[in-house]
> 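I have a structure I would like to understand better, so I am pasting it below and will then ask my questions one at a time.
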Amino acid sequence: MQGILDGAVKFMEEDFLEHKELFESLGEKQTPHTLFVGCIDSRVVPSLITNTVPGDLVVVRNIANIVPPYRKSEEFLATTSAIEYALQSLNVKNVIICGHSNCGGCAALWMDEAKFSKTPNVKRWLDLLEPVKKRVQKLFGDNIAKREWLTERLSLVNSFENLLSYPDVKAKFKDEELKIYAWHYIIETGEIYNYNFVTKSFKLLGVEK
């Protein structure tokens with residue numbers, strides 16, 4: 001913890017001053033151009049992998065980077081309301097749904113139910129990926145190695161499909177007023193694979209054809 005405290009002091013005394021004009025310009029308002037939906041995994045740092053600065057991204061993070069289907073409810077819908085706000089109030093022009101390799105959330109989808117005795121809310125959250133689990137089971141059954149990789153990628157496709165259920169998103173995406181990206185980030189290599197919605201395949205970012 002001391003390292004974090006020292007880092008905060010360093011930010012105030014050095015880093016803030018280096019970017020003082022930027023922070024002053026952000027003091028009264030924000031106009032982010034991109035919504036980044038990512039996992040809570042500590043190894044995934046949105047601003048680092050996108051090379052962005054404060055004010056560029058509005059970030060929503062949850063277990064397994066899930067975009068739930070849109071719905072109105074009397075419940076407290078943190079992810080849904082944050083996405084709704086980014087789309088309708090901040091009018092972002094881009095959405096990145098970013099999953100990653102070795103995702104604990106996606107792996108937990110295959111765990112025995114007894115493992116969730118102390119994390120019932122995690123179990124309930126992962127129920128949103130049940131359609132993904134069924135699709136993967138049909139393709140690979142008990143092949144754990146292939147199952148993990150495909151679960152991470154199909155969960156991104158599932159989140160993309162759910163995002164289209166949000167107000168105005170499908171029309172804006174079709175008219176290219178809103179761009180949507182689904183990324184699979186490989187932590188150990190730094191590679192990012194982007195989902196091609198036409199070919200329905202993942203291609204390495206920067207070398208897509």
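Scope of the values below: all heavy atoms of this structure, side chains included, with no hydrogens, waters or symmetry mates. Just so you know, residue 1 is the first one in the sequence shown, and it goes up from there.
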> Distance from Thr50 atom OG1 to Leu57 atom CG, nearest 0.5 Å?
4.5 Å

> For Leu90 versus Pro32, what's the shortest heavy-atom pair and its separation?
CD1-CG, 3.9 Å

> Please report the shortest heavy-atom distance between Ile66 and Trp125, naming the atom on each side.
CD1-NE1, 3.3 Å

> State whether the number of non-hydrogen atoms from other residues, nucleotides or ligands found under 6.0 Å of Asn51 atom CG is greater than 12.
no

> Donor-acceptor pair, distance only, cut-off 3.5 Å: does the side chain of Gln88 make one with the backbone of Pro167?
yes

> Determine, using the 4.5 Å side-chain heavy-atom cutoff (strictly less than), whether Leu205 and Ile187 are members of one ILVMFWY cluster.
yes

> Can you name the closest pair of heavy atoms from Ser81 and Leu77 and give their distance?
OG-O, 2.6 Å

> Just say parallel, tilted or perpendicular for the rings of Tyr195 and Phe160, cut-offs at 30° and 60°.
tilted

> Say whether, by atom type as modelled, one donor and one acceptor occur between the side chain of Arg61 and the main chain of Asp41 under 3.5 angstrom.
yes

> Could you go through Gln2 and Asp6, starting from their C-alpha distance and side-chain angles, then the distance that decides it, and tell me whether this counts as side chain to side chain contact (heavy atoms under 4.5 Å, CB included)?
CA-CA 6 Å; Gln2 188 57 48; Asp6 291 342; 2.8 Å; yes

> Answer with yes or no whether the side chains of Asn158 and Arg135 bring together a donor and an acceptor at under 3.5 Å.
no

> Count the heavy atoms belonging to other residues, nucleotides or ligands that lie under 6.0 Å from CD of Glu113, then report whether that count exceeds 12.
no

> Any chance you could lay out the side chain to side chain contact (heavy atoms under 4.5 Å, CB included) test for Thr151 and Val132, step after step, and finish with the verdict?
CA-CA 7 Å; Thr151 300; Val132 172; 4.3 Å; yes

> Under the rule for side chain to side chain contact (heavy atoms under 4.5 Å, CB included), what residues qualify as partners of Ile186, not counting sequence neighbours?
Ser101, Trp149, His184, Glu188, Thr189, Glu191, Tyr193

> Kindly indicate, with the supporting measurements, whether the criterion salt bridge (charged side-chain N to carboxylate O under 4.0 Å, His left out) is fulfilled by Asp127 and Lys123.
CA-CA 7 Å; Asp127 285 346; Lys123 174 64 175 68; 3.0 Å; yes

> Of all heavy-atom pairs between Tyr185 and Cys98, which one has the smallest distance, and what is that distance?
CB-SG, 4.0 Å

> Starting at CD1 of Ile180, measure out to CD1 of Ile96 and round the result to the nearest 0.5 Å.
11.5 Å

> Above 12 or not: heavy atoms from other molecules or residues under 6.0 Å from CD of Glu74?
no

> Which pairs count as side chain to side chain donor-acceptor pair (under 3.5 Å) when at least one residue sits in residues 166-183, sequence neighbours excluded?
Trp183-Asn194

> So, for Ala108 and Phe116, which heavy atoms are closest and what is the spacing to 0.1 Å?
O-CZ, 3.3 Å

> Is there a path of hydrophobic side-chain contacts, each under 4.5 Å between heavy atoms of I, L, V, M, F, W or Y residues, that connects Val59 with Phe23?
no

> How close do Phe202 and Ala182 get, counting heavy atoms only, and between which atoms?
CE2-O, 3.8 Å

> Quick one, Thr52 with Phe36, criterion side chain to side chain contact (heavy atoms under 4.5 Å, CB included). Give me CA distance, side-chain angles, the key distance, then yes/no.
CA-CA 11 Å; Thr52 50; Phe36 187 103; over 6 Å; no

> Arg71 versus Pro69: any side-chain heavy-atom pair under 4.5 Å?
no

> With no hydrogens and no angle check, is any side-chain donor or acceptor of Asn65 less than 3.5 Å from a backbone partner on Leu156?
no

> When rounded to the nearest 0.5 angstrom, what distance separates CH2 in Trp110 from CD in Glu148?
11.5 Å

